[in-house]
There are 2 protein chains.
Amino acid sequence: MAGRKVNTMEELAEVSGISRPTLSKYFNDPDSVRETTRGKIKIALERYDYRPNIFAINQNRKLTKTIGIVVPYSADPFFAEIVRMIERRCIDAGFWPLVFSSHGQQELENNALATLQSLRPAGALIAPLGRSSDFESVQSFAEEVPTIVFDSNVNVGEAFVGSDNSQSIGLIVNYLCRTGEPPCFFEMAPVNPNANKRRDAYIKTMQALGHDPMVLQVDGAGWDFENIGLKEGNRLMVERKLPSETVLCSNDRLAVGLIAAAYQNDIKVGYGEGCSLRIAGHDDHPQSQFTCPPLTTVAQDYSSIAEHSVELLFGMINGESRTADRPEVLFEGKLIMRESA
Amino acid sequence: MAGRKVNTMEELAEVSGISRPTLSKYFNDPDSVRETTRGKIKIALERYDYRPNIFAINQNRKLTKTIGIVVPYSADPFFAEIVRMIERRCIDAGFWPLVFSSHGQQELENNALATLQSLRPAGALIAPLGRSSDFESVQSFAEEVPTIVFDSNVNVGEAFVGSDNSQSIGLIVNYLCRTGEPPCFFEMAPVNPNANKRRDAYIKTMQALGHDPMVLQVDGAGWDFENIGLKEGNRLMVERKLPSETVLCSNDRLAVGLIAAAYQNDIKVGYGEGCSLRIAGHDDHPQSQFTCPPLTTVAQDYSSIAEHSVELLFGMINGESRTADRPEVLFEGKLIMRESA
DNA sequence: CATGAAACTTTACCCCTGTAAAATTTCTTT
DNA sequence: AAAGAAATTTTACAGGGGTAAAGTTTCATG
């Protein structure tokens, strides 16, 4: 690509001696042109630096190669990780993933959806804000764009992929009850359906095991979960209002904050000798193995969720699976026993 | 937006009674049309759901409203946070930020740059991979697109914005020396210029203070820093090869791993009574305040870096500041004294 | 009310590629 | 070598909106 800069396919046609429509075919699928032709094109491409204009391409194709990914908060470790996996798979499949973060705000979520829609993407994978989502916006988006909803199950789109909170919470509550004092449940005012499901699952499991559920719902808005865990944990510890020596947190980030609070109050966390507080989380964030003590938690099946979401979407895009019903695929959580509980 | 769906500006012109060129003006700048006209357009927009086709817009405009953001690893807390801030500012300024993550791989970085270039963005903010960047690709990109480089200073683009590693490392080394045993320096094989600058600054500062520098360079590839800190830290502790009771880590993620290693080896970390190891980091990642003990570190000035990068870029885009030289703007780090050192 | 500037409409052409249809060439097959 | 299939070229139009030029309307001003 040393030669002069070639800006349009027309120009490339001139210098390569290949007609523009054939070039167009080539760029859509190199294997769709004769091998000798392909060779000539490749040689031309080495000599002249050319790259098709994405805007012009997408303006005419009915089906874009764009895939939209919308998450509530891109800096959250769970979403950062799952987005990373989804992106990878899209790229491998020859698609072009575009990530939008709502930063926790309805306005930005609507914005992202609107922008995305005007990009006429082949499909979208969205994890809605949940309670603060503008339901109508999300719905009207999903009517136009093939959409898979993941993580937070609001009732739109063609399918939902997420974790079986009922199973996963059941799992860890059971574990905690078998190995020590029954846990209380530490949560913030729920921001999405997951939070509600987790609490309900906690209550149900506790009752099934013959224990009284103890739900601690603390205040706090936004996505600064660790801080809320720290502040409210601190308060509860200072005021000695923790109803149990075992605390199950609604998610790992709260647990991280709570562990920090325990440290500040000289409370030793763990399941072993000399420990006076057990703390468990939910999700198995990437950093949860590095807390002190390492966090006992339930792992969400990141890679299955990512893979299955993407597969479902590709299926829809290829028109394979237009089912009338809206399947909900739930993956089971795995108990991750570490030292904190 | 209840009425029938309007797909093109032409159609909107019909139903609104406003000519298409005027509508075009309106969408480029609502204030450029007469108020009565603006009113009519707004009313039409409420009745008919219409949004200009982004592809068509960008195909024709010489200057796109797109801003590319390329980072080496989107799931890294530092980048997650700084991207969040940059995105916000771009959106507020009416631009359309597109985030690409290289996931640590040269191929993906090249890919991102190529894709981005074909989007003809108004400008780009890139944090290159550093040592594994394909320098030529980055350079040829920066020649076409107004580019600000941040975080990792490879010598391309119109300007660099980052942290003054020399100052920040000097600061914390000084602090550590004044408050206890001089630190050794814990790092991985450097992946970018920052790592080198930090080590060099460490050595220089130690020498200036009359101490012998002790650099521990551990193996490890990829972006799994905490794990490397944990594994290598474990090894060093088990083999009793830590040359000092104070360890300054090249970044917070390594420090998080090292703190976990100390915990596993029953080594109490902190500056107070009964502690036998001090650990400090660099960057002040969002989660560093929640480690146990909370991490003493040097804070990079996230918001200044984000703001200044964006401002410089906007300046270039508006043609204000085409300086011949390539300014390098460095922000100072702030010492964050917590309990770990 | 006349005047001129500002805003608007009309008309027309441009951007760059997709894509369909018909005509031509190339390759494969018998 | 002739026929047929496959690939290519030619031709032509479409997509949705930017934008310039010329003509028309609107508005503020004197």
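Numbers restart at 1 for each chain; the letters A, B, ... are given by sequence-line order, proteins then strands. Just so we're clear, the structure is a prediction, and the values are computed from it rather than from any experiment.
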Give the rounded distance in Å between these two atoms: [atom1] of [X] and [atom2] of [N].
X: A/K25; N: C/dA20; atom1: NZ; atom2: P; answer: 11 Å
X: A/E14; N: C/dT17; atom1: CD; atom2: C1'; answer: 16 Å
X: A/E35; N: C/dT26; atom1: CD; atom2: P; answer: 17 Å
X: B/Q59; N: C/dC14; atom1: CD; atom2: P; answer: 14 Å
X: B/D31; N: C/dA6; atom1: CG; atom2: P; answer: 17 Å
X: B/N53; N: C/dT17; atom1: CG; atom2: C1'; answer: 13 Å
X: A/L23; N: D/dT10; atom1: CG; atom2: P; answer: 11 Å
X: B/R51; N: D/dG17; atom1: CZ; atom2: C1'; answer: 16 Å

**OP:** Would you mind classifying the nucleic acid contact of B/I18 as base, sugar-phosphate or nothing, using non-hydrogen atoms under 4.0 angstrom?
**Re:**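 Sugar-phosphate, backbone atoms only, no base.
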Original post:
What nucleic acid atoms does B/Y26 come within less than 4.0 Å of, heavy atoms only: base, sugar-phosphate, or nothing?
Top reply: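 Touches nothing.
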With the side chain of [X] defined as its heavy atoms from C-beta on, choose the nearest nucleotide among [options].
X: B/S24; options: D/dG18, D/dG16, C/dC8; value: D/dG18
X: A/P21; options: D/dG16, C/dA20, D/dG18; value: C/dA20
X: B/V33; options: D/dG16, C/dT17, C/dC8; value: C/dC8
X: A/N28; options: C/dG18, D/dG17, C/dT17; value: C/dG18
X: A/R34; options: D/dT8, C/dC8, D/dG17; value: D/dT8
X: A/A56; options: D/dG16, C/dT17, C/dC8; value: C/dT17

Return the orientation label for the [X] and [Y] ring planes: parallel under 30°, perpendicular over 60°, tilted otherwise.
X: B/F55; Y: A/F55; value: tilted
X: A/Y73; Y: A/H103; value: perpendicular
X: B/H308; Y: B/F331; value: perpendicular

Do the side-chain N and O atoms of [X] and [Y] include a donor-acceptor pair separated by under 3.5 angstrom?
X: B/E109; Y: B/S133; value: yes
X: B/N110; Y: B/S137; value: yes
X: A/N53; Y: B/Q59; value: no

Taking only side-chain nitrogens and oxygens of [X], does any of them come within less than 4.0 Å of OP1 or OP2 of [N]?
X: A/T22; N: D/dT8; result: no
X: B/S19; N: C/dC8; result: no
X: A/Y50; N: C/dC16; result: no

Original post:
Any N or O donor-acceptor pair linking the side chain of B/R20 to the base of D/dG16 at under 3.5 Å?
Top reply: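 Not at all, since no donor on one side and acceptor on the other fall under 3.5 Å apart.
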Subject >> Residue whose closest nucleotide on DNA chain C lies nearer the 5' end, A/T36 versus A/F27 >> reply: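 First, find each residue's nearest nucleotide; the 5'-ward one identifies A/F27.
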